[in-house]
Amino acid sequence: MWNTLSRMLHTGLLTESLPTCDEAAPTLETLQNDLLKILGRALCIRHVDAGSCNGCELEIQALNNPYYNLEGAGIKFVASPRHADMLLVTGPVSVNMEEALKRTYDAMPDPKWVIAIGDCGACGGVFGTSYASRGGVASIIPVNHVVMGCPPNPASLFSGILRTIASTRIE
Amino acid sequence: MATNFMELQSASLPANVPCKLARVDRQQWLQTAEALRQSNARILALWGADDRDRDGSFHIYAAYLLPDSVLVVEHCMEDASTPSYPSLAVFFPAASRMQRAVFDLLGIATDESDTRGWLRHGGWSETLFPLRRDVDGKHQYPVASAPYPFVSVEGDGVHEIAVGPVHAGTIEPGHFRFSVVGEKVLRLEERLGYTHKGIAKLFENASQQNGHRLAARISGDSAVAFSWAYCAALEAITETVCPARAILLRALALEHERLANHLGDLGALGNDAGFAFGLTHFSRLKEDLLRANAAAFGARYLLDYLIPGGVTVDLTADARCRLLNLYDALEPSVTQMRSIYDEHAGLQDRFREAGRLERATAEELGAIGLVARASGVACDLRVDHPWPPYDTLAPKMILQSGGDVAARVQARFDEIFESLRICRALLAGPPMAEIQTPVPIAAANLLGIGLIEGWRGPVMIALKTGSGGGIRSCHAHDPSWQNWPLLEYAILGNIVPDFPLINKSFNLSYSGQDG
């Protein structure tokens, strides 16, 4: 127990300020106001790997590390699409995941946002379209926003999430 | 009767480890497998090729890991209309799924009774075999999914729990079918292939010079291992000698990949046992490493760091200093986290005895990589077949005997410290020198093997060159192929709520397996 307490004390708080994005560069306060206005509560995200190489997954997981501390900003990952407002989709959509992706999207309540993650999510990346791959996410379900990169780093993922929320406010 | 495989006519094969190729007939295919099984060889990979345009036949290949070398066995099937070969599953159970995958892609059958599709889930017709040369891989087909008959368990109170392909966390997709009584798991059957992206077919359109980019994206968490295996195969074929500095930097990248994954896994294992503190601190340490990667190598994940003939950038003096400081900070932190994990009664209660994979089972079923070492099976290519620069680094074989989640946790801790030692030794190497050398275009139809011990275990690339700098075929093999079936054994008798923890302790690749 002493080791645990000592590690906490010596580590301190590591969380960095929110990454800036073009439209509105939100502060923690404006972000949370936006979320309260649009959803009335914290933003809930569900991730689906539709055929990714697992690179994007690692960077999405990093959003929850103490530096980015996504949950501290009022955004959390949930286990079911039925609890989710936003869907992060990684990978080119493999033929074998097409049905599962559609069903996940359909299970989400409205209003809902979809972000296609990574070069593969955007357009199929190095995998393109083939007998096994449908290419980008938008070929299967409606996409609100795209975060490019192979894999995109956590700051640009965070930015992409904020930008999607901010664009809803502008509308 | 088993023939002595030592008497087989074999030729040496270009590879980064000692490697031989033996061409066998149908009878020898099975006899060789039996002899290899008796001499405790392990199956590394199994793949097929459509060579009807060259010799009118389909070919099947099996690569075996022997104590002193790798043996690739090739069998040419003369009947091209209904090609088939004897199943190896009786000697090497791990071959079973690989054989099903070969059938889905090439239509080469075995005498196995399990003919269920593995990679084909109804996304293309059952009479279409996408890896055949006369099939246009770009064509799209509508999905016609059919039910997949899982093996059912019958009895009073037995019921099934279906999980996936979409899982509850930020992880890859796959399906798990549990047959349970109460909470106790009687049987687990995996169904994978959901992330199949047709990588083998894509390789046929890549050039020798850019195939490494595709290799790096077979399994993003093992990008260095796969791209190194690809480069090693191509460099062996073209007899390219990489600059010594580039080889050191490749090893550094590979060890960083091992460190990043082990740090991530240790955090996730703590979290899956209800100890969120572990995830917080290990994910912080992992982030420190990734940021150091970005500063030193130009990217957090080193997907395109290795190129044929070398690496893209050398470390600056500042970067070298930053890495040394990182190791100095990481080592005491991991030591402290280890004592926190070791002394936490609740955590150890979940870790110990959970998901035990007995050594005998691991050996019988051909376990490989970290999972095998945590069950007491000594196998690490860096130790057994050290390719440069590991031949000068004297890597230590990390062994644990428990075979449970606790052992796989301890193996990761041990490997982190050993990796840090190797990283420091690599940084002591000569600074700023040649890091790239041109790789000539290889002649057509040359086969080369690249074999690299990634953080999960050995990854293999079997590259066959095409004409005009192209690729005729490239088979990529992830060690998860061998270890996924072992998870089905490790979970037996455990309770369903322990599955996420046990699964995480294996942390196998879906994408690497699905291809």
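Heavy atoms only: backbone and side chains are in, while hydrogens, waters and symmetry mates are out. It should be emphasised that the depicted structure is a prediction, and the values quoted were computed from it without experimental measurement. Here is how names work: the chains are called A, B, and so on, in the same order as the sequence lines, proteins then strands, and each is numbered from 1.
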Open item on the list: With a 4.5 angstrom heavy-atom cut-off, is it the side chain or the backbone of B:S222 that approaches chain A, or both, or neither?
Closed with: neither
TODO: Give the minimum heavy-atom separation between B:G169 and A:R46, together with the two atoms involved.
DONE: O-NH2, 3.4 Å
Open item on the list: If we define contacts as heavy-atom pairs under 4.5 Å, which of A:C56, A:P66, A:G55 has the most with chain B?
Closed with: A:P66
Open item on the list: Please output the residues of residues 75-91 of chain A in contact with chain B, using a heavy-atom cutoff of under 4.5 Å, in numerical order.
Closed with: A:F77, A:V78, A:A79
- [ ] Check whether more than 12 heavy atoms from other residues, nucleotides or ligands sit under 6.0 Å from atom CG of A:L5, and answer yes or no.
- [x] yes
- [ ] Please name the pair of heavy atoms, one in B:T170 and one in A:Q61, separated by the smallest distance, quoted to 0.1 Å.
- [x] O-NE2, 2.7 Å
TODO: Taking all non-hydrogen atoms of both residues into account, name the closest pair between A:N3 and B:S339 and its distance.
DONE: ND2-OG, 3.1 Å
- [ ] Check B:G123 against A:V95 and note the closest heavy-atom contact, atom names and distance.
- [x] CA-CG1, 3.2 Å
Open item on the list: For B:G193, is there any backbone N or O sitting under 3.5 Å from a side-chain donor or acceptor partner on A:N96?
Closed with: yes
- [ ] Kindly compute the distance separating CG (A:N65) from CG (B:L290), expressed to the nearest 0.5 Å.
- [x] 8.5 Å
Open item on the list: At a 4.5 Å cut-off on heavy atoms, which part of B:H167 comes close to chain A: side chain, backbone, both, or neither?
Closed with: backbone
Open item on the list: Please rank A:G124, A:G125, A:P154 by heavy-atom pairs under 4.5 Å with chain B and give me the top one.
Closed with: A:P154
Open item on the list: Which atoms of B:P332 are under 4.5 Å from chain A, going by heavy atoms: the side chain, the backbone, both sets, or neither?
Closed with: neither
TODO: Hey, could you give me the CD1/CZ distance between B:I340 and A:R7, rounded to the nearest 0.5 Å?
DONE: 6.5 Å
Open item on the list: Return the OH to CD distance between A:Y68 and B:E287, rounded to the nearest 0.5 Å.
Closed with: 3.5 Å
Task: Contact leader toward chain A among B:H281, B:H344, B:R213, where contacts are heavy-atom pairs under 4.5 Å - done: B:H281
TODO: Output the distance between atom CD1 (B:I171) and atom CG (A:L58), rounded to the nearest 0.5 Å.
DONE: 12.0 Å
- [ ] Return the orientation label for the A:Y131 and B:H196 ring planes: parallel under 30°, perpendicular over 60°, tilted otherwise.
- [x] tilted
TODO: Heavy-atom pairs under 4.5 Å with chain B are the metric here; pick the option from A:C150, A:P92, A:S6, A:A50 that has the most.
DONE: A:C150
Task: Contacts with chain B made by residues 115-123 of chain A (heavy-atom distance under 4.5 Å), listed by residue number - done: none
Task: Non-hydrogen atoms of A:A132 and B:G198 that approach each other most closely - done: CB-N, 3.6 Å
Task: Contact check, side chains of A:C53 and B:S219, non-hydrogen atoms, under 4.5 Å - done: no
TODO: Sequence neighbours left out, what pairs pass side-chain hydrogen bond (donor to acceptor under 3.5 Å, both in side chains) with at least one residue falling in residues 136-145 of chain B?
DONE: A:R134-B:Q140
- [ ] Against chain B, work out which of A:H10, A:E99, A:M8, A:E98 has the most heavy-atom pairs shorter than 4.5 Å and name it.
- [x] A:M8
- [ ] Give the C-alpha distance, both sets of side-chain angles, the deciding distance and a yes or no for side-chain hydrogen bond (donor to acceptor under 3.5 Å, both in side chains) between A:D49 and B:Y510.
- [x] CA-CA 11 Å; A:D49 173 343; B:Y510 300 71; over 6 Å; no
Open item on the list: What part of B:L192 gets within 4.5 angstrom of chain A, counting heavy atoms only: side chain, backbone, both, or neither?
Closed with: neither
Task: Which atoms of A:E57 approach chain B - backbone, side chain, both or neither, heavy atom under 4.5 Å - done: both
Open item on the list: Applying a heavy-atom distance below 4.5 Å, give me the residues of residues 299-306 of chain B that approach chain A, sorted by number.
Closed with: B:R300, B:Y301, B:L303
Task: Segment of B:L105 engaging chain A (4.5 angstrom heavy-atom cut-off) - done: side chain
- [ ] Tell me, yes or no, whether the heavy-atom count around B:E343 atom CD, taken from other residues, nucleotides or ligands under 6.0 Å, exceeds 12.
- [x] yes
Task: Side-chain ion pair, A:E16 and B:R291, N-O less than 4.0 Å - done: yes
Open item on the list: With chain A as the partner, which of B:S511, B:G220, B:S283, B:A168 has the greatest number of non-hydrogen pairs under 4.5 Å?
Closed with: B:A168
TODO: Measure B:L119 against the heavy atoms of chain A and call it side chain, backbone, both or neither at under 4.5 Å.
DONE: backbone
TODO: Please report the closest heavy-atom contact between B:E172 and A:S52, naming both atoms and the distance.
DONE: OE1-O, 4.1 Å
Open item on the list: Please classify the contact between A:V48 and chain B as side chain, backbone, both or neither, with a heavy-atom cut-off of under 4.5 Å.
Closed with: side chain
Task: Contact winner vs chain A - B:S333, B:G267, B:G512, B:A216, heavy-atom pairs under 4.5 Å - done: B:S333
